[in-house]
A.B. asks: 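Can you read through this structure? Questions will come right after.
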Amino acid sequence: MSAAVFPVPEDWADKALIGEDSYAERYARSIADPDGFWREEAKRITWLEPFDTVKDTSFDKADFHIRWFTGGKLNICANALDRHLVERGEQIAIIWEPDSPGDPVRRITYRELHRDVSRFANALKERGVAKGDRVTIYLPMVPEAAIAMLACARIGAIHSVVFAGFSPDALAGRIEDCGSRIVVTADEGLRGGKTVPLKANVDAALEKVAVDTVVVFNHTGADVPMVEGRDVSWSDAVAGVAEDCAPEPMDAEDPLFILYTSGSTGKPKGVLHTTGGYAVWTSMTHQYVFDYQPNEDGSMPVYWCAADVGWVTGHSYVVYAPLMNGATQVMFEGVPNFPDHSRFWDIVDKHQVEIFYAAPTALRALMREGDEYVTRTSRASLKLLGSVGEPINPEAWDWYHRVVGERRCPIVDTWWQTETGGAMITPLPGAIDLKPGSASKPMFGVQPALLDAESGKVLEGAGQGALVITDSWPGQMRTVYGDDQRFFDTYFSQYPGYYFTGDGCRRDEDGYYWITGRIDDVINVSGHRMGTAEVESALVEHPSVAEAAVVGMPHEVKGQGIYAYVTTTAGTDDSEDLRKELVQWVRKEIGPIATPDVIQFAPSLPKTRSGKIMRRILRKIAENDTGSLGDTSTLADPSVVEDLVANRPQA
Ligand code: WT7
C-alpha cells in the first residue's frame, strides 16, 4: 500500500527550527546520550536551583522508578508568567473569544495574567490551601480556568481539573478520590448558546462528598444559591488580597496536577504529572511541533488550540506550554457549529490565527456541512494545522489540507496520551514529509516499539502490533494518584520492561507509525476517552438492567460511537421508552459525552463456558460485520449470537 506523500514545503525546510538533518541528528543524540540531550533542552526552563541528575528511571519490576531532573527546583507558573514580564509584559497572552460572537472579546496581557494569577493564588492561601493540597477545578473555557490552574502551580497546590461536561456524580467521584477540600467553579458555562448549570452540578455533587470551600466565578450572572460559610464568589475571594505572591520553589518531582482518565477497568485513574520533566517536555514539544518562534517582524504567531482545559491537551497545549513559550493564543469558549459552521474559520480571520490545532471529530462534523462554510472565509493568516486525540482518516486529512489550509499548511498529526504529557509521535513541519493518516515519526527521546500482541516479541521493520515505549521520557506520568500498584499493573505488567500504550499500531517500510486505535477496552468517542466498563457500570446501576456489555462501533463523525448490549431484569418490558430512559440515565450518571448511540436489548450475552463475555463477537455485531464472527465454538450457548445478529437494531 503506497500512501500519498506530501514533502516538506521548501519555505518550511528553510526557516523551521528543526529541519530534516537536524531532526535525524537530534533524534539519534536524544537516544544515544539522553543525559546530554536533556541537559541542553532543560535550559529552556528557569531553574531556581540546578538539578543533579538528568534521568533516573527504570521500567523493571524489581527497581521500578521514574525520576527526572532530581535536585532541581523551579516553579512552572513563574516560567509561564514572571520571566516574560520584562520582555513581553504588554504582549497579549490570551485572546478570549466568547461563545457568542457578538459578546466582548477579552484580551489579557502577560502582566495582567501575572497579576490575576498572583491574586487568586493569595486568595487560595487565605482559604487555607497549602503546598500539596488538591484543588478541584470545574470551570468552562474562560481565562479563569487557566488563572486557577496557574495559581495552584504558583503555590504548589495540585490541581485536578474536571471537564465541565461531566455529571455531578463523576465530579463527586473525582473530588473524593483526590480528597480535595475546595472546588473552583462558575455560576454557569455557555456552549453553543446553551447554559451549563455548573454551580448546580457542584451543589449536587456536594450532597455526596463534602468540601470546605466553593469559589464561584460569576460568568453568566445567573442567580445561583450560595451556601453560607462554604461558598464565596471569585470577586469576593480576591477582593483586598495582595497583588504579589512569591512563587513556591518546587522540587522537579513535586506533583503538579492530577487529571482523571479512563482505563479498561475500574474507575477513572488519577494520572499524576510532576513539575520539572513536564515543564521541559511540554515546552519543547510545543516549540518544535508548532515551530513556535517569532515572526519576521518580531511578533509572536497567534496560536489556537481548540481543546478544552478539561483534557490533557488543554493542560499542556493551552495552559502550560504556550505560556512558557511566550505565545499569544486564542482561548475559545464555544463550539464549532455555533452560530453556524463557519465559526472556527471566522475566529481564525477575526484574530489572524496562524497555527490551529483541533480534533478530527470536529473536522469531520464540519466537513459534512460542505466547503462553502470554509471557503467564504479568508484563512489567509493560517500557516500550520494540527490534529490530536484520535486517528484522522485520510478523507478528513485531505479536506483539512486542501479546503481549510488551501494546500499551503502542513498538518501535524500528533499522537499522544494523558499519560505521556505531550506529543510522542508527530511530524515536525520543517523536517518530516507527511503521509495522511500517519502520526509519522517519534519525538526526540521517544523510543516506540511494536510487540507481537500474543508473544510479546519485538517486531522489527514494517509490521503491526501493540505499541509500547521502551524507555522513559521527561513528560511521562509518574503514578496513579494514591495507587502506585495500579500504575505499575496498568502500564508495565502486560509487557514487562515496557510502557504499554493500549494502542495498536502499524509501521511502514519508511519507519512511519500509523496508529490503528485502542486494543484494550477503551473507546474514543469524539476524541473523548472512555472505558467501556464505566458505561457498563452506569447502566447496571439502573434498576431494570441485569447485565450490560459496551463496545465501540464505527461512527462517521465521532470516530467511535457507543454500542450497548443490555439484558434487562426478569419481567421488564424491553420497550422504546426504557431505551430512551437508559440513554438519559447514562448521560446523567457520567455526562453527555457518554450518550449511547445504540442500545440493543439482549436476552443474554455471548459468554464462554467460564462465564467471560466474548467482546470480540459483540464488537463484530456492533460493526455490522456479522459475516466473520470467527470461532464461536467455545461459547456456552452459540444460539445467543444468532439471536443478537437477527435482532440488531438498524441504525
Ligand atoms: C488516546 C489517548 C492526545 C491527547 C488527547 C487525548 C488516541 C490520540 C491520536 C492521534 C491516533 C490518537 C490514542 C491514544 N489518540 N491522538 N494523533 N492519532 N490516535 O488523550 O484522552 O489520553 O487519549 O487517544 O488511542 O491512546 P487521551
Side-chain angles (χ1 to χ4, degrees), residues 45-48 73-96 106-137 139 142-161 180-186 213-219 232-251 254-257 275 278-279 282-283 309 314-315 318-329 331:
I45 293 302
T46 302
W47 298 87
L48 301 168
K73 281 192 188 291
L74 72 157
N75 184 284
I76 195 169
C77 174
N79 273 276
L81 301 176
D82 304 45
R83 65 174 170 156
H84 299 315
L85 294 182
V86 176
E87 298 258 310
R88 49 175 109 245
E90 308 336 306
Q91 183 194 313
I92 306 289
I94 296 176
I95 304 167
W96 180 73
R106 288 169 64 187
R107 290 187 173 78
I108 304 172
T109 65
Y110 273 93
R111 195 173 309 287
E112 290 163 342
L113 193 57
H114 175 263
R115 179 202 60 203
D116 292 350
V117 166
S118 300
R119 285 177 69 189
F120 196 66
N122 281 332
L124 289 174
K125 277 189 181 173
E126 269 194 10
R127 314 250 144 206
V129 178
K131 181 176 174 179
D133 289 351
R134 280 78 57 214
V135 174
T136 298
I137 297 174
L139 281 168
V142 290
E144 281 64 25
I147 292 169
M149 291 163 74
L150 290 162
C152 289
R154 194 166 189 87
I155 63 173
I158 305 167
H159 57 72
S160 163
V161 179
S180 65
R181 307 294 313 162
I182 176 165
V183 179
V184 183
T185 189
T213 308
V214 179
V215 181
V216 185
F217 174 64
N218 181 338
H219 179 43
V232 59
S233 75
W234 180 295
S235 54
D236 285 349
V238 298
V241 303
E243 276 191 19
D244 47 66
C245 171
E248 185 75 26
M250 303 295 284
D251 282 331
D254 275 339
L256 174 63
F257 67 81
T275 309
Y278 179 83
T282 54
S283 58
V309 289
H315 283 59
V318 176
V319 177
Y320 287 109
L323 296 175
M324 281 191 281
N325 290 340
T328 292
Q329 69 172 321
M331 182 178 193

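The figures that follow rest on heavy atoms only: side chains count, while hydrogens, waters and symmetry mates do not.
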A.B. asks: Are any of the side-chain nitrogens in Glu144 or Arg106 under 4.0 Å away from the carboxylate oxygens of its partner?
C.D. replies: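 Between Arg106 and Glu144 there is a salt bridge, with a charged N closer than 4.0 Å to a carboxylate O.
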A.B. asks: For Tyr110, check ring-ring contact (aromatic ring centres under 6.0 Å, His included) against everything at least two apart and list the hits.
C.D. replies: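 So Tyr110 forms a ring-ring contact (aromatic ring centres under 6.0 Å, His included) with His84.
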A.B. asks: Any idea which heavy atoms bring Cys77 and Asn75 closest together, and the distance?
C.D. replies: N-OD1, 2.9 Å
A.B. asks: List the steps and the verdict of side-chain contact (heavy atoms from CB on, under 4.5 Å) for Thr185 and Phe217.
C.D. replies: CA-CA 6 Å; Thr185 189; Phe217 174 64; over 6 Å; no
A.B. asks: Could you pull out all residues at least two apart from Ala80 that satisfy side-chain contact (heavy atoms from CB on, under 4.5 Å)?
C.D. replies: Leu150, Leu323, Met324
A.B. asks: Once you round to the nearest 0.5 Å, how far does CG of Leu74 lie from OG1 of Thr46?
C.D. replies: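 Reported value, rounded in 0.5 Å steps: 9.0 Å.
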A.B. asks: Can you name the residues that form a side chain to side chain donor-acceptor pair (under 3.5 Å) with Thr328, not counting sequence neighbours?
C.D. replies: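 Gln91.
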A.B. asks: Which pair of non-hydrogen atoms, one from Pro247 and one from Ala78, has the smallest distance, and what is that distance?
C.D. replies: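 Where Pro247 meets Ala78 most closely, the heavy atoms are CG-CB, 3.9 Å.
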A.B. asks: For the atom pair CG (Leu139) and CE (Met149), what is the distance rounded to the nearest 0.5 Å?
C.D. replies: 10.0 Å
A.B. asks: In chain order, what residues pass the side-chain contact (heavy atoms from CB on, under 4.5 Å) check against Ala157, with sequence neighbours excluded?
C.D. replies: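 Checked Ala157 against side-chain contact (heavy atoms from CB on, under 4.5 Å); matches are Val129, Val135, Cys152, Ile155.
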A.B. asks: Testing Glu126, Glu243, Arg119 one by one against Val238 for a side-chain contact (heavy atoms from CB on, under 4.5 Å), which residue passes?
C.D. replies: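 Result for side-chain contact (heavy atoms from CB on, under 4.5 Å) with Val238: Arg119.
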A.B. asks: Over all heavy atoms of both residues, which pair between Pro255 and Met250 is shortest? Give the atoms and the distance, please.
C.D. replies: O-CE, 4.1 Å
A.B. asks: Could you pull out all residues at least two apart from Arg115 that satisfy side chain to side chain donor-acceptor pair (under 3.5 Å)?
C.D. replies: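 Once residues adjacent in sequence are excluded, Arg115 has no partner under the side chain to side chain donor-acceptor pair (under 3.5 Å) criterion.
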A.B. asks: Apply salt bridge (Lys or Arg N to Asp or Glu O under 4.0 Å) to Glu87 and list each qualifying residue two or more places apart in sequence or on a separate chain.
C.D. replies: none
A.B. asks: Determine whether Val184 and Thr136 make a side-chain contact, defined as any pair of heavy atoms from C-beta on separated by less than 4.5 Å.
C.D. replies: no
A.B. asks: Measure up the Phe257 and His315 rings against each other and bin them: parallel (under 30°), tilted (30 to 60°), perpendicular (over 60°).
C.D. replies: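 Rings of Phe257 and His315: tilted, 30 to 60°.
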A.B. asks: Show the nearest heavy-atom pair for residues Arg88 and Gly326, with the distance to one decimal.
C.D. replies: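 Heavy-atom minimum between the residues: NH1-O, 3.5 Å.
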A.B. asks: Please find the pair of heavy atoms, one from Gly132 and one from Ile158, that lie closest to each other, and give the distance.
C.D. replies: O-CD1, 3.4 Å
A.B. asks: Kindly compute the distance separating OG (Ser118) from CG (Leu81), expressed to the nearest 0.5 Å.
C.D. replies: 7.5 Å
A.B. asks: Among residues at least two apart in sequence or on other chains, which ones pass side chain to side chain donor-acceptor pair (under 3.5 Å) with Lys125?
C.D. replies: none
A.B. asks: Report the C-alpha distance between Val232 and Thr213 in whole Å, list the side-chain angles of each, state the deciding distance to 0.1 Å, and finish with yes or no for side-chain contact (heavy atoms from CB on, under 4.5 Å).
C.D. replies: CA-CA 7 Å; Val232 59; Thr213 308; 4.3 Å; yes
A.B. asks: Give a yes or no on whether the backbone of Val318 and the side-chain of Gln329 come within a donor-acceptor separation of less than 3.5 Å.
C.D. replies: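 At least one qualifying donor-acceptor pair exists.
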A.B. asks: Looking at residues at least two apart in the chain, or sitting in another chain, which of them share a ring-ring contact (aromatic ring centres under 6.0 Å, His included) with Phe120?
C.D. replies: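 Expected list: Trp234.
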A.B. asks: Can you name the residues that form a side chain to side chain donor-acceptor pair (under 3.5 Å) with Asn325, not counting sequence neighbours?
C.D. replies: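 Only His286 meet the side chain to side chain donor-acceptor pair (under 3.5 Å) criterion with Asn325.
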A.B. asks: Among all residues two or more places apart in sequence or in another chain, which pass the salt bridge (Lys or Arg N to Asp or Glu O under 4.0 Å) test with Asp116?
C.D. replies: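 In terms of salt bridge (Lys or Arg N to Asp or Glu O under 4.0 Å), with neighbours along the sequence ignored, Asp116 is linked to no residue.
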A.B. asks: Given side-chain contact (heavy atoms from CB on, under 4.5 Å), test Ile92 with Ile108 step by step and report yes or no.
C.D. replies: CA-CA 5 Å; Ile92 306 289; Ile108 304 172; 5.9 Å; no
A.B. asks: Quick one: CZ on Arg83 to CD1 on Ile45, what's the gap to the nearest 0.5 Å?
C.D. replies: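 Answer for the CZ-CD1 pair, Arg83 versus Ile45, is 5.0 Å.
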A.B. asks: Output all residues satisfying salt bridge (Lys or Arg N to Asp or Glu O under 4.0 Å) with Arg154, sequence neighbours left out; order by chain, then residue number.
C.D. replies: Asp82
A.B. asks: Look up atom CZ in Arg111 and atom CD in Glu90, then write down how far apart they are to the nearest 0.5 Å.
C.D. replies: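 Taking CZ in Arg111 and CD in Glu90, the distance rounds to 4.0 Å.
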A.B. asks: Taking the side chain as every heavy atom from C-beta outward, state whether Asp251 and Lys73 have any atom pair closer than 4.5 Å.
C.D. replies: yes
A.B. asks: For Arg181 and Asp133: C-alpha separation, side-chain torsions, deciding distance, then whether salt bridge (charged side-chain N to carboxylate O under 4.0 Å, His left out) applies.
C.D. replies: CA-CA 8 Å; Arg181 307 294 313 162; Asp133 289 351; over 6 Å; no
A.B. asks: Treating Asn122 as the side-chain partner and Val241 as the backbone partner, does any N or O pair qualify as donor plus acceptor under 3.5 Å?
C.D. replies: no
A.B. asks: I'd like to check Leu124 versus Ile182 (side-chain heavy atoms, cut-off strictly below 4.5 Å). Are they in contact?
C.D. replies: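 The answer is yes, as the side chains (C-beta and beyond) meet within the 4.5 Å cut-off.
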A.B. asks: In chain order, what residues pass the salt bridge (Lys or Arg N to Asp or Glu O under 4.0 Å) check against Arg107, with sequence neighbours excluded?
C.D. replies: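 Listed in chain order: nothing, the list is empty.
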A.B. asks: Show your working on side-chain contact (heavy atoms from CB on, under 4.5 Å) between Thr109 and His114 and close with a plain yes or no.
C.D. replies: CA-CA 8 Å; Thr109 65; His114 175 263; over 6 Å; no
A.B. asks: Between Asp254 and Lys131, is the salt bridge (charged side-chain N to carboxylate O under 4.0 Å, His left out) condition met? List the steps.
C.D. replies: CA-CA 10 Å; Asp254 275 339; Lys131 181 176 174 179; 3.4 Å; yes
